[in-house]
Asker: 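Before anything else, here's the structure in question.
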There are 2 protein chains.
Amino acid sequence: MAEPRTQPAQPSEPLSDAPVPKVVVSRLSLYLRELQRLEAAGQQTISSGQLGTLLGFSDAQVRKDLGFFGQFGYPGVGYRCDELIRAMRDILGTNHPWSVAMVGVGNLGQALLGYRGFGRQNFAIAAAFDADLAKVGQVIQGIRIQPLDELAETVRTLGIRLGMIVVPVGAAQEAADRLVAAGVEGIVNFAPVTLVLPHHVQNVGVDLAIELEQLSFAVTTKLTRAGGTDADEGGGRAGNGHAGAV
Amino acid sequence: MAEPRTQPAQPSEPLSDAPVPKVVVSRLSLYLRELQRLEAAGQQTISSGQLGTLLGFSDAQVRKDLGFFGQFGYPGVGYRCDELIRAMRDILGTNHPWSVAMVGVGNLGQALLGYRGFGRQNFAIAAAFDADLAKVGQVIQGIRIQPLDELAETVRTLGIRLGMIVVPVGAAQEAADRLVAAGVEGIVNFAPVTLVLPHHVQNVGVDLAIELEQLSFAVTTKLTRAGGTDADEGGGRAGNGHAGAV
DNA sequence: CGGTGTGAAAGTTTTCACAGCG
DNA sequence: CGCTGTGAAAACTTTCACACCG
C-alpha cells in the first residue's frame with residue numbers, strides 16, 4: 001500500500017462504464033484463487049502467460065480480462081501478486097465482509113455452515129433458518145437456527161444482503177420469496193429448480209446433479225469450447241471447468 | 001415408445017460430427033430439469049417459446065440448441081414432453097446409470113452421500129474413500145467407507161467412470177491422481193484448486209466460495225450478458241444463473 | 001393459425017500481432 | 001530483452017426472419 005509505484009494505476013472499478021461480460025468475472029475468481037495460492041507459496045510476481053498456463057487460458061485472455069478493470073501490470077515484469085490480489089478483491093467486492101442468510105439447515109446446509117472456504121473469501125453465514133421447528137433453537141457450528149418467521153427481521157437487523165437456499169426443491173420458491181421480501185439483493189440457490197425472482201435480485205444456481213450430467217456428456221462426447229478438461233498443451237495440466245450457473 | 005410418429009426423428013446423438021458448444025450442453029440440462037418438472041405437473045407438450053420463457057431464454061435459442069442434436073418438434077404444436085425428456089437424457093447420457101467414486105467423506109462428503117438429487121438423474125455414489133483411518137469401516141448412508149489404498153481396485157471392479165473430490169484443498173491433487181490412475185474418465189472437484197489432469201480426463205469444478213464471489217460482484221455492478229438473474233421481461237421471472245465451471 | 005427448423009445478419013468474445021515501456 | 005496493453009481480425013454465439021408444416 002505504501003509502495004512507490006512507477007506507472008500502474010489500479011482503478012479497480014469497471015474503468016469505463018462498459019459492461020463487463022459475465023464470463024470475464026468468472027475467470028477473475030479463478031485468477032484470484034490461483035494468485036492467493038501463488039502468494040502463499042512465496043511467489044512475488046507472475047506474468048499473464050504463467051497465470052494463463054496454470055488455469056488453461058491464453059496470455060492474451062488474461063491481459064484482456066484484466067484490461068476491463070484497469071492497468072495492473074509492469075511491462076517486462078508481469079504483475080505483483082499482492083497488488084493484483086488486492087485489486088481482484090476490490091473488483092469482486094470481497095475486500096469487505098459479507099453476511100449471508102442461510103435458509104434450510106438439512107444435511108447440506110449443515111455441511112455448508114461448517115465450510116471454511118467461505119470465511120477465507122470474506123463471507124460469513126450470519127443467520128440460518130429452518131421450517132422444521134424441531135431444528136429451531138439448535139446451535140450448529142455456532143449458529144442458532146431460527147424459525148422462518150424471524151427471517152425478515154433478522155436480515156434487516158443484521159444488514160444481510162445475500163441469501164443461500166438449501167431447502168428441498170418444493171420449498172425453494174417460498175424461501176426465495178421470503179428472502180426477497182426481506183430485501184436480500186442476491187441468492188445462491190442449491191435447489192434444482194429455476195427461481196422466479198424480481199429483476200433486481202441477482203441469482204446464482206448450483207445444481208449438483210447437473211454438474212454430473214455435464215460430466216456424463218463430456219465423457220461421452222466432444223465439445224466445442226473449453227470442454228470438460230480443457231486448454232493446455234503437452235503433458236498434464238488440467239485446464240479448468242466450472243459448471244455454469246443454473 | 002410405440003407411438004405412431006409422423007415426421008420427427010430423434011437422432012439423439014450429435015447429428016453431424018459438428019462439435020457442440022459447451023454452453024449449449026449446459027442449457028440442455030436446464031431444459032431437461034424444467035421438462036421433468038412440467039411432465040410431473042401433467043403437461044404433455046410445450047413450445048420453444050414457453051420453455052424459453054420459463055428459463056429466461058429466447059424461443060430461437062431453445063430451437064437452435066435442440067437443432068444441434070436433431071429434430072424433436074411438431075410444427076404448430078411444440079415438443080412432446082415425454083419424448084423430449086427421453087431425447088435429452090439420451091444426449092446427456094443419463095438414460096443409463098452412472099456409478100461415482102467419492103473421495104473424502106467429511107461434512108460435505110457426507111451430505112452429498114445423502115443427496116437424493118443424484119439418484120433422480122441416474123447417478124449413484126457406489127464407493128467412498130477417506131484417508132482418515134478412523135472413518136474407514138464406518139457405514140454412512142449405506143456406503144462403507146474404504147481406505148484410499150482400495151480405490152484403484154474398487155473403481156476397476158465396479159466399472160466406475162466418474163469421480164468426485166470432496167477432500168480439503170491440500171489433498172485434492174493427490175485424490176485426483178489416484179482417481180486418474182484408477183482409470184476414471186471424469187472428475188467433479190469441490191476443492192478450491194485447479195487440478196492438473198491428463199487431457200483425456202474431463203473435469204468440472206464447483207467452488208462454493210466462488211459462487212458467492214460472483215454474486216458479490218453482480219450485486220455491486222452491472223454485467224453484460226445473462227448477468228446474475230437475467231433475461232425475462234416485465235414482472236417477476238427469474239431467468240437463470242449457473243455458476244460456470246472452475 | 002401457431003409453431004418448428006434454419007440460413008443469414010448482428011452481436012459478442014477470443015485470438016492475433018505489435019507498439020511501447022522499463 | 002520480456003512482458004504489458006490494445007486495436008484489429010477471426011471465431012463463435014445469439015437473434016432475426018421466414019419458408020414450411022399440420
Side-chain angles (χ1 to χ4, degrees), chain A residues 4-11 15-16 18-28 31 44-53 55-80 83-84 87 223-227 230-231 239 244, chain B residues 4-11 15-16 18-28 31 44-53 55-80 83-84 87 223-227 230-231 239 244:
Chain A
R5 301 287 257 25
T6 311
Q7 143 271 128
Q10 61 276 68
L15 198 51
S16 75
V20 179
K22 191 187 163 104
V23 61
V24 168
V25 182
S26 73
R27 285 193 297 264
L28 245 45
Y31 299 153
Q44 304 250 307
T45 67
I46 189 164
S47 68
S48 57
Q50 290 173 303
L51 185 54
T53 298
L55 294 167
F57 305 130
S58 71
D59 58 335
Q61 182 147 73
V62 172
R63 293 198 302 276
K64 259 279 150 79
D65 285 348
L66 298 180
F68 276 98
F69 301 95
Q71 306 193 154
F72 307 102
Y74 300 83
V77 178
Y79 304 87
R80 290 194 47 169
E83 283 179 13
L84 197 48
L223 294 167
T224 272
R225 159 203 249 78
D230 79 295
Chain B
R5 301 287 256 23
T6 311
Q7 141 271 129
Q10 61 276 68
L15 198 51
S16 76
V20 180
K22 191 187 164 104
V23 60
V24 168
V25 183
S26 72
R27 284 193 298 262
L28 246 44
Y31 299 153
Q44 304 249 305
T45 67
I46 189 164
S47 67
S48 58
Q50 290 174 302
L51 186 53
T53 298
L55 294 166
F57 305 131
S58 71
D59 57 337
Q61 183 149 70
V62 172
R63 293 198 301 277
K64 259 280 150 77
D65 285 348
L66 299 180
F68 276 98
F69 301 96
Q71 305 193 152
F72 306 103
Y74 300 85
V77 179
Y79 304 87
R80 290 194 46 170
E83 283 178 15
L84 198 49
L223 294 167
T224 271
R225 158 203 252 77
D230 80 295

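As the structure is a prediction and not an experimental result, all values here were calculated from the model.
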Asker: Once you round it to whole Å, what is the distance between P of C:dG3 and CD1 of B:I46?
Answerer: 11 Å
Asker: In whole Å, what is the span from the CZ atom of B:F57 to the P atom of D:dT15?
Answerer: 10 Å
Asker: Looking at A:S48, does any N or O in its side chain come under 4.0 Å of the phosphate oxygens OP1/OP2 on D:dT4?
Answerer: yes
Asker: Starting from C1' on C:dT4, measure out to CG on B:D65 and report it in whole angstrom.
Answerer: 14 Å
Asker: Grab the NZ-C1' distance between A:K22 and D:dT14 for me, whole Å please.
Answerer: 16 Å
Asker: Can you give me the closest heavy-atom contact between A:A87 and A:F72, atom names plus distance?
Answerer: CB-CE2, 3.7 Å
Asker: Would you kindly give the CG-to-P distance between B:L66 and C:dT6, to the nearest whole Å?
Answerer: 11 Å
Asker: Are A:R80 and D:dC3 close enough that a side-chain N or O sits under 4.0 Å from OP1 or OP2?
Answerer: no
Asker: When you measure only distances, ignoring hydrogens and angles, does the side chain of B:K64 come within 3.5 Å of the base of D:dT15 through a donor and an acceptor?
Answerer: yes
Asker: Rounded to the Å, how far apart are B:D59 CG and C:dG2 C1'?
Answerer: 12 Å
Asker: Using a cut-off of strictly less than 4.0 Å, decide whether B:Q50 has a side-chain nitrogen or oxygen near OP1 or OP2 of C:dG3.
Answerer: no
Asker: Is the distance from OP1 or OP2 of D:dT15 to the nearest side-chain N or O of B:S58 less than 4.0 Å?
Answerer: yes
Asker: Sequence neighbours excluded, which residues qualify as side-chain hydrogen bond (donor to acceptor under 3.5 Å, both in side chains) partners of B:Q50?
Answerer: B:S47
Asker: Could you say whether B:V77 or A:A60 is positioned toward the 5' end of DNA chain C, judged by the nucleotide with the nearest heavy atom to each?
Answerer: B:V77
Asker: Rounded to the nearest Å, what distance is computed from the CG atom of residue A:L51 to the P atom of nucleotide D:dG5?
Answerer: 13 Å
Asker: What are the two closest non-hydrogen atoms of A:Y31 and A:V62, and how far apart are they?
Answerer: OH-CA, 3.5 Å
Asker: Enumerate the protein-to-nucleotides 18-20 of chain C contacts in which both atoms are nitrogen or oxygen and the separation is below 3.5 Å.
Answerer:
none

Asker: Under a 3.5 Å cutoff, is there a donor and acceptor pairing between the side chains of A:Q44 and A:Y79?
Answerer: no
Asker: Could you work out which one of C:dG3, C:dT6, C:dT13 sits closest to the side chain of A:P21?
Answerer: C:dT13
Asker: Do B:L66 and B:L84 have side chains that approach each other closer than 4.5 Å (heavy atoms only, starting at C-beta)?
Answerer: yes
Asker: Any side-chain N or O of A:Y79 less than 4.0 Å from the OP1 or OP2 oxygen of D:dG2?
Answerer: no
Asker: Please give, in whole Å, the distance from C:dG5 P to B:Q71 CD?
Answerer: 6 Å
Asker: Do any side-chain nitrogens or oxygens of A:Q61 fall under 4.0 Å of OP1 or OP2 in C:dC16?
Answerer: no
Asker: Decide whether A:S48 and A:R63 meet the rule of one side-chain donor and one side-chain acceptor closer than 3.5 Å.
Answerer: yes
Asker: Could you report the tightest heavy-atom contact between A:P19 and A:F68, atom names first, then the distance?
Answerer: O-CE2, 4.3 Å
